[in-house]
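Letters go in sequence order (proteins before strands), and every chain restarts at 1.
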Amino acid sequence: MAEPEVAGKLMPLAEAVKKLIPDGCRLRSGGIAVRKPFAVIYEVMRQRKRDLTFLMSGWTEDADWLIGAGCVDKLEGSYLGLEALGLAHCYRRAIEKGVPRRVLIEEYSNFGMTMRFMAAGMGLPFMPVKSQLGSDLLKVESFRHPKAQVLEDPFGSGEKVALLPACPADVALLHAQRCDADGNAQVWGQLGDDLWGTYAGKKVLLTVEEVVPTRVIRHDPNRTIVPGFRVDAIVATPFGGHPYQVQGYYDTDRAFRRDYAARSTTREGWESWADEWVYGVEGHEEYLKKLGEERLARLRAKPVMSGKVNYGY
Amino acid sequence: MATEAAGVPAPPYKRTELMAICAAREICDGEIAFIGTGLPMLGGMLAKHTHAPNCIMIFESGVVDARPKRTPLSIGDGCLVPGSVMLCGLTEVFGLLMQPGYVDVGYIGGAQIDKFGNLNTTVIGDYRNPKVRLPGSGGANDIGSLAKRTIIMMKQDRLKFVQKVDYVTTPGYLDGPGGRERAGLPRGGPACVISDMGVYRFDPETKEMFLESFHPGLSVDEIRNNVSWDLAVSPKVRATKPPGKRELQVLRTKCDPEGIFLGT
């Protein structure tokens, strides 16, 4: 696929994945059901990455695809399912039958995982929470020991907290609405766990719907969630969150998600789905062509514009 | 309309509709409600359209006081965003609103429950070699640990209402009276279980679940046969109040007109 030569952090998708995501790394996916970095996930599958430790608060198709593709060795997270569409079947096959390979999971709660990301983002070794106490999330360990510890307040209140270890990532993925050429990234709508999850990454691979001139960013700096100097690579991927929604750009492709949920119930069905939508597609541009302009047009968001604020002084 | 085996006419509503309506009735006006995907979402929307216009719906993706104009398919649905009062993230919703105790009521589901309301959404069978691997906690543990009270919504049979859950994903009252306090949980616990067969509450002394009402058309015996422990039954047990005309109409026309969660 012919992609334009660009200087600096802006690069083609295949190059960014090749450079930033080595086999065996700790990779953090993004978004609790919003702005998920699916364009990157597809490319990770196409490049047949191996032995990833995949980190996330709430996974859905992103983890199920990587597990089905045999890219994942371990998971640290809290939820893996297709939400209202049911169970994640690649995950089930991997855990229940070792197909296509065994994976291990160390599990926490959603809040627990974001606090682990927060600890990593802040450069702290652990973070306390008041949930998870008394549950098997604290007691049942998989590959981390200890996965958590209960501590009584050393300042004498008698209160108990669960201490959870920081969850650093070698690479954090973020799919944002827009950024400038430096990678100053702006996000709106729900933030999910993207704020802390992004900062947990030693490196950040940013994909965006649009690269905009810096003045657009500087006109509305409150919307920036990560400054460019924390970003290592930028890839412009319009519809890069498909089949999920990106606020102000497009809605969830419910038909696509339903089709996946139905076909992935068997391994053969999953393979035919992956051949059709991942391995048989050269890159993101071809993926969009395959979806077709008519389908994309149907998904495009109607405008609901914000008001304006006065940044003057 | 289909009739049941005994020749009794089927009621003019679905069990899922009754469950969503029961969920709505648990929210008082002005309360802060933490809402998950599915029937709880319909319950929250219905409450807001009927008896609780001032309740505030919070979603873990980071939405405060959502006013959705269609049925949200997911907690991340874009329709939750326009018209809300605040957008933030999961850490802020759980850390700043839930953990310090500002959330009155939270909804969770489960694959298995025991008599103390402990819930399993992690595995069926042995953890390391499970028969069925389920999604895991997600936010359920946080909601069940930190909301002032929780409402549990799930389907019922003997394999779901069990003596001992295979994995405690979300604590109910753990091993009974004082269990939550001993574990260090700050508050809360299950207030109510809404199944497709009946509505249950918890005894304030023993912390044990008891049957408060059976859904119309079912008997206490049928419900007992679908619980694997010796179920306590309220001396005032009665039939669940059937859906009102307005409740059904709002549910069907405003909350889930496509039947996404109610079924078609």
Side-chain angles (χ1 to χ4, degrees), chain A residues 31-35 57-58 77-81 83-85 87-88 91-92 94-96 105 107-112 114-115 117-118 129-137 139-140 142 150 152 159-162 188-196 244-247 251-252 254 257 301 304, chain B residues 37-38 59-63 73-83 87-95 98-99 118 120-123 127-146 165 167-171 174 179-180 182-186 260-261:
Chain A
I32 299 267
V34 292
R35 288 180 296 89
S57 306
S78 59
Y79 171 94
L80 208 175
E83 305 180 280
L85 298 174
L87 300 178
Y91 180 44
R92 283 195 61 187
I95 297 273
E96 294 166 22
I105 177 163
E107 43 200 316
Y108 297 85
S109 69
N110 263 358
F111 179 49
T114 67
M115 292 299 275
F117 287 139
M118 182 191 269
V129 297
K130 290 288 289 175
S131 61
Q132 298 197 32
L133 294 163
S135 76
D136 283 339
L137 289 173
K139 292 170 201 151
V140 178
S142 174
V150 177
E152 195 174 304
E159 237 186 275
K160 283 180 190 163
V161 292
W188 56 95
Q190 297 123 309
L191 296 186
D193 71 345
D194 276 338
L195 182 59
W196 302 105
Y244 277 54
Q245 63 102 3
V246 173
Q247 205 76 35
D251 200 356
T252 301
R254 293 182 180 199
R257 290 194 64 193
V304 180
Chain B
T37 305
F59 291 82
E60 69 184 304
S61 50
V63 186
L73 187 65
S74 144
I75 51 153
D77 199 305
C79 76
L80 298 170
V81 167
L87 294 169
C88 52
L90 189 144
T91 323
E92 292 70 33
V93 161
F94 276 125
M98 177 81 97
Q99 187 161 261
N118 300 304
N120 173 17
T121 51
T122 302
V123 286
Y127 183 76
R128 274 162 229 291
N129 193 14
K131 214 162 14 158
V132 185
R133 176 63 226 203
L134 301 167
S137 164
N141 175 282
D142 306 307
I143 297 166
S145 297
L146 302 171
V165 295
Y167 183 102
V168 180
T169 314
T170 302
L174 294 168
R180 289 178 72 89
R182 281 190 293 279
L185 292 166
I260 294 170
F261 297 113

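Among B/Gly136, B/Cys88, B/Gly139, the residue with the largest count of heavy-atom pairs under 4.5 Å with chain A is B/Cys88. Chosen from B/Gly89, B/Gly179, B/Gly184, B/Pro135, the residue pairing most often with chain A at heavy-atom distances under 4.5 Å is B/Pro135. Top candidate by heavy-atom pairs under 4.5 Å with chain A, chosen from B/Val168, B/Asn120, B/Leu185, is B/Val168. When B/Asp77, B/Ile75, B/Ile260, B/Val81 are compared by the number of non-hydrogen pairs under 4.5 Å with chain A, B/Val81 comes out ahead. Contact count against chain B (heavy-atom pairs under 4.5 Å) is highest for A/Gly134 among A/Ser142, A/Ala88, A/Gly134, A/Ala162. Listed options A/Gly192, A/Gly58, A/Ser57 were ranked by heavy-atom pairs under 4.5 angstrom with chain B; first place goes to A/Gly192. Heavy-atom pairs under 4.5 Å with chain B peak, among A/Val246, A/Val34, A/Asp194, A/Asp251, at A/Asp251. Residue with the most contacts toward chain A among B/Asn129, B/Thr91, B/Thr170: B/Thr91 (heavy-atom pairs, distance under 4.5 Å). Comparing A/Ile32, A/Leu85, A/Thr252, A/Val304 by how many heavy-atom pairs each has under 4.5 Å with chain B, the most go to A/Ile32.
Only the side chain of B/Thr122 comes within less than 4.5 Å of a heavy atom of chain A; its backbone N, CA, C and O stay farther away. Heavy-atom distances place the side chain of A/Leu195, and not its backbone, under 4.5 Å from chain B. No part of A/Phe117 comes within reach of chain B, as not one of its non-hydrogen atoms sits under 4.5 angstrom from that chain. Residue A/Ser135 touches chain B through both its backbone and its side chain, counting heavy-atom pairs closer than 4.5 Å. For a residue to count as touching a neighbouring chain, one of its non-hydrogen atoms must lie under 4.5 Å from one of that chain's; by this rule A/Val129 touches chain B with backbone and side chain alike. Of the two parts of B/Ile143, neither the backbone nor the side chain holds a non-hydrogen atom closer than 4.5 Å to a non-hydrogen atom of chain A. Contacts of B/Leu146 with chain A are made by side-chain atoms alone, with heavy-atom separations under 4.5 Å and no backbone atom involved. For B/Arg180, no part lies near chain A; criterion is any non-hydrogen pair under 4.5 Å. For A/Gln245, the part lying under 4.5 angstrom from a heavy atom of chain B is the side chain only. Both the backbone and the side chain of A/Ile105 have a heavy atom closer than 4.5 Å to some heavy atom of chain B. Within the 4.5 angstrom heavy-atom criterion, atoms from both the backbone and the side chain of A/Leu137 approach chain B. With a 4.5 Å cut-off on non-hydrogen atoms, B/Ser145 touches chain A through its side chain but not through its backbone. Proximity to chain A (any heavy atom under 4.5 Å) is shown, for B/Val93, by neither the backbone nor the side chain. There is no contact between B/Phe59 and chain A, counting heavy-atom distances below 4.5 Å. The part of B/Leu174 that comes within reach of chain A is its side chain, from C-beta onward, which places non-hydrogen atoms under 4.5 angstrom from that chain.
A/Ser78 and A/Asn110 are linked by a side-chain donor-acceptor pair at a separation below 3.5 angstrom, with hydrogens and angles left out of the test.
Judged by distance alone, the side chain of A/Asp193 and the main-chain N or O of B/Leu90 form no donor-acceptor pair under 3.5 Å. The backbone N or O of B/Ser137 sits nowhere less than 3.5 Å from a side-chain atom of A/Glu107 that would complete a donor-acceptor pair. Using a distance-only test at 3.5 Å, with no hydrogens or angles considered, no donor-acceptor pair links the side chain of B/Lys131 to the main chain of A/Glu96.
The side chain to side chain donor-acceptor pair (under 3.5 Å) test applied to A/Asp136 returns no partner, not counting sequence neighbours. Qualifying side chain to side chain contact (heavy atoms under 4.5 Å, CB included) partners for B/Val123, counting only residues two or more places apart in sequence or in other chains: B/Tyr127, B/Pro130, B/Arg133, B/Tyr167.
In this structure, OG in A/Ser131 is found 9.0 Å from CE in A/Met115, a value given to the nearest 0.5 Å. Going from atom CD of A/Gln247 over to atom CZ of A/Arg35 covers 9.5 Å, rounded to the nearest 0.5 Å. Between A/Arg254 atom CZ and B/Leu73 atom CG the span is 4.5 Å, to the nearest 0.5 Å. Between B/Glu60 atom CD and B/Met98 atom CE the span is 8.5 Å, to the nearest 0.5 Å.
Here the closest heavy-atom approach between residue A/Ala33 and residue B/Ser74 is recorded as CB-OG, 3.4 Å.
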Problem set entry | side-chain hydrogen bond (donor to acceptor under 3.5 Å, both in side chains) assessment of B/Asp142 paired with A/Ser109 | CA-CA 7 Å; B/Asp142 306 307; A/Ser109 69; 2.6 Å; yes

Exercise. Should B/Thr37 and A/Glu83 be marked as a side-chain hydrogen bond (donor to acceptor under 3.5 Å, both in side chains) after you check the CA-CA gap, both sets of side-chain angles, and the distance that decides it?
Worked result: CA-CA 7 Å; B/Thr37 305; A/Glu83 305 180 280; 4.8 Å; no

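When the options A/Lys130, A/Glu152, A/Gln132 are evaluated for a side-chain contact (heavy atoms from CB on, under 4.5 Å) with A/Val161, the one that passes is A/Lys130.
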